[in-house]
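A quick write-up on the structure given underneath.
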Amino acid sequence: MSSSQHPMLNVAVKAARAAGAIINRAALDVEAVRVSQKQINDFVTEVDQAAEQAIIDTLLTAYPGHAILAEESGSERGSRHSDYQWIIDPLDGTTNFIHGFPVYCVSIALAFKGRIEHAVVYDPTRNDLFTSTRGRGAFMNDRRIRVSKRTRLGECLIATGFPFRPGDDFQTYLLMMSDVMQRTTGLRRQGAAALDLAYVAAGFSDGFFESGLSIWDVAAGGLLVTEAGGLVGNFSGEADFLEQRECLAGNPRIYGQLVTLLGKYSKFATAGDKATVRQALQRKKDAAQPAETSNDASIDEAQADQPQDDESAPD
């Protein structure tokens, strides 16, 4: 821990490293980890729970009067009426973890009266520590980081997250991905939104977008991005994004271009933009129907060409 860091940030770093140690020990024999399913394709492990417990114990030992909002235990612990609230994701990227895919992180943010003031994103597999305090910049392993300087979307690497829950709007997301993929160098899906945002802050990628995210997925990473000189908001470009379940981030020039590209997919889009998306979805559906009809006809023709069973034929 750094003596130059804010005391609350130092405590958050201590908590993140304690959780990371639990995660790394479990990763040595990940097949032995007990896994439960919250819903289809949404998992929680005993490691998530143990890491969250370690984080909360560390934070409340230092600040017993603070409030807690954690992914697995909600607001069960801490003071619910404090102006200070710790927002915790003990293991962002659980699905990656249980498959032994080494892309996951610990995310801890502290909000004061609803505004994020301190942030930690810790990658235990690489021992990469991303930290930020409002007004003091963003750092990776005590080295100052900045968002990328690219200005043309066509030169950019953009990160995203794919829908994975029943009921998610897959077809709309495919349109969004198509719009971005055709205009950029590449699209990446790591499976850990907090780490995606940290990578935007560090300039490893130029932008990020994803819908369906919870506040603990984006609280810490969002502060990292803004303190590294970037912008973060919803798909329409509005800065009040934490609980809106859509997140868009990037360096300032790329952020603006992504808002222009993806704004029509926001739930806050204008009626005209929403109509444009509906028309695009209908065109896609209509284009798929002739192919399906053609395939059905081909199957019928093939079946007609097959010799038919004749019960009177000799054995």
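Everything numeric in this text was worked out from a predicted model, so none of it was measured.
From Met8, atom CE reaches atom CD of Glu117 across 9.5 Å, with rounding to the nearest 0.5 Å. The distance from the CG atom of Leu174 to the CE atom of Met181 is 10.0 Å, given to the nearest 0.5 Å. Between Leu281 atom CG and Arg283 atom CZ the span is 9.0 Å, to the nearest 0.5 Å. Taking CZ from Phe139 and CZ from Arg144, the interatomic distance works out to 5.0 Å, rounded to the nearest 0.5 Å. Between the CD atom of Gln5 and the CZ atom of Arg136 there is a distance of 9.0 Å, given to the nearest 0.5 Å. Atom CG of Asn127 and atom CG of Asn141 lie 6.5 Å apart (nearest 0.5 Å).
Side-chain contact between Leu187 and Met177: present, with at least one pair of heavy atoms (C-beta onward) separated by less than 4.5 Å. Val13 has its side chain within reach of Leu129: a pair of non-hydrogen atoms, C-beta onward, lies under 4.5 Å apart. Inter-residue side-chain proximity for Arg152 and Arg253 is flagged as unmet; no heavy-atom pair is nearer than 4.5 Å. By the 4.5 Å heavy-atom criterion applied to side chains, Val225 and Leu231 are not counted as neighbours. With contacts defined as side-chain heavy-atom distances shorter than 4.5 Å, the pair Val121/Leu195 qualifies. Contact of the Asn234 side chain with the Phe268 side chain is registered, since non-hydrogen atoms from C-beta on lie closer than 4.5 Å.
Pairs of residues two or more places apart, or lying in two chains, never qualify as side-chain hydrogen bond (donor to acceptor under 3.5 Å, both in side chains) while including a residue from residues 216-231. Residue pairs satisfying the side-chain hydrogen bond (donor to acceptor under 3.5 Å, both in side chains) criterion with at least one member in residues 173-188, sequence neighbours excluded, are listed as follows: Thr160-Tyr173, Ser178-Gln182, Asp179-Lys264, Asp179-Tyr265.
Linking ILVMFWY side-chain heavy atoms closer than 4.5 Å, directly or via other members, places Ile22 and Ile88 in a single hydrophobic cluster. One hydrophobic cluster, built from ILVMFWY side chains closer than 4.5 Å, holds both Trp86 and Leu91. Placement of Leu157 and Leu197 in two distinct hydrophobic clusters is found when ILVMFWY residues are connected by side-chain heavy-atom separations under 4.5 Å, directly or transitively. Val120 is connected to Ile23 through a chain of hydrophobic side-chain contacts under 4.5 Å among Ile, Leu, Val, Met, Phe, Trp and Tyr, so both are in one cluster. Grouping the Ile, Leu, Val, Met, Phe, Trp and Tyr side chains by contacts below 4.5 angstrom, directly or via other members, places Leu110 with Val106.
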Q: Dump the intermediate steps for side-chain contact (heavy atoms from CB on, under 4.5 Å) on Phe130 and Asp128, then the final yes or no.
A: CA-CA 7 Å; Phe130 300 87; Asp128 283 338; 4.0 Å; yes
Q: Take Thr133 and His118 through the side-chain hydrogen bond (donor to acceptor under 3.5 Å, both in side chains) test and state the conclusion after the steps.
A: CA-CA 4 Å; Thr133 292; His118 304 286; 2.9 Å; yes
Q.
Pair Cys247, Val232 - check side-chain contact (heavy atoms from CB on, under 4.5 Å), show working.
A. CA-CA 7 Å; Cys247 180; Val232 60; 3.8 Å; yes
**Q.** Derivation and outcome, side-chain hydrogen bond (donor to acceptor under 3.5 Å, both in side chains), residues Glu52 and Ser73
**A.** CA-CA 8 Å; Glu52 184 170 291; Ser73 59; 2.6 Å; yes
(Q) Between Asp48 and Thr94, is the side-chain hydrogen bond (donor to acceptor under 3.5 Å, both in side chains) condition met? List the steps. (A) CA-CA 8 Å; Asp48 295 72; Thr94 300; 2.7 Å; yes
**Q.** salt bridge (Lys or Arg N to Asp or Glu O under 4.0 Å) between Asp123 and Arg126, worked out
**A.** CA-CA 6 Å; Asp123 177 352; Arg126 296 168 183 80; 2.9 Å; yes
Q: Might you work through the side-chain contact (heavy atoms from CB on, under 4.5 Å) test for His66 and Ser79, ending with a clear yes or no?
A: CA-CA 5 Å; His66 285 193; Ser79 171; over 6 Å; no
Q: Test side-chain contact (heavy atoms from CB on, under 4.5 Å) on Val11 and Lys14 and set out the steps.
A: CA-CA 5 Å; Val11 171; Lys14 180 181 178 181; 5.5 Å; no
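Minimum heavy-atom separation, Ala26 to Val47: CB-CG2, 3.4 Å. Residues Ala220 and Ala109 share a closest heavy-atom pair of N-CB, 3.7 Å. Here the closest non-hydrogen pair linking Asn96 and Gln190 is ND2-O, 2.8 Å. Taking each heavy atom of Val147 and Pro252 in turn, the nearest pair found is CG2-CD, 4.3 Å. Nearest heavy atoms, Ala219 versus Ile116: O-CG2, 3.8 Å. Across Ala280 and Leu175, no two heavy atoms sit closer than the pair CB-CD1, 4.0 Å.
A donor-acceptor pair under 3.5 Å is absent between the side-chain atoms of Glu71 and the main chain of Asp89, judged by distance alone. Here the side chain of Ser266 pairs no donor or acceptor atom with the backbone of Leu262 at under 3.5 angstrom. In this structure, Asp92 contributes its side chain and Cys105 its backbone to no donor-acceptor pair below 3.5 Å. In this structure, the side chain of Ser82 engages the main chain of Tyr84 through a donor-acceptor pair within 3.5 Å. Side-chain N or O atoms of Ser205 include none that pairs as donor or acceptor with a backbone N or O of Ala159 at under 3.5 Å. The closest donor-acceptor contact from the side chain of Glu155 to the backbone of Thr151 lies at 3.5 Å or more, if one exists at all.
Under a cut-off of 6.0 angstrom, the local environment of NZ in Lys149 is sparse, with at most 12 non-hydrogen atoms contributed by other residues, nucleotides or ligands. Around CD of Glu243, the count of heavy atoms belonging to other residues, nucleotides or ligands within 6.0 Å does not exceed 12. More than 12 non-hydrogen atoms from other residues, nucleotides or ligands lie less than 6.0 angstrom from CD of Gln282.
Take Asp206 and apply the side-chain hydrogen bond (donor to acceptor under 3.5 Å, both in side chains) test, not counting sequence neighbours, and it matches Ser148, Arg150. Listed by chain and residue number, Ser75 satisfy the side-chain contact (heavy atoms from CB on, under 4.5 Å) test with Arg80 (two or more places apart in sequence, or in another chain). Residues meeting the ring pair (Phe, Tyr, Trp, His ring centres under 6.0 Å) test with Tyr104, sequence neighbours left out: Phe97. Applying the ring pair (Phe, Tyr, Trp, His ring centres under 6.0 Å) test to Tyr199 and every residue at least two apart in sequence or in another chain returns Phe204.
Applying side-chain contact (heavy atoms from CB on, under 4.5 Å) to Phe209 and the options Asp196, Leu261, Ile158 leaves one that passes, Ile158.
Remark: Arg77 engages Asp57 in a salt bridge, criterion side-chain N to carboxylate O under 4.0 Å.
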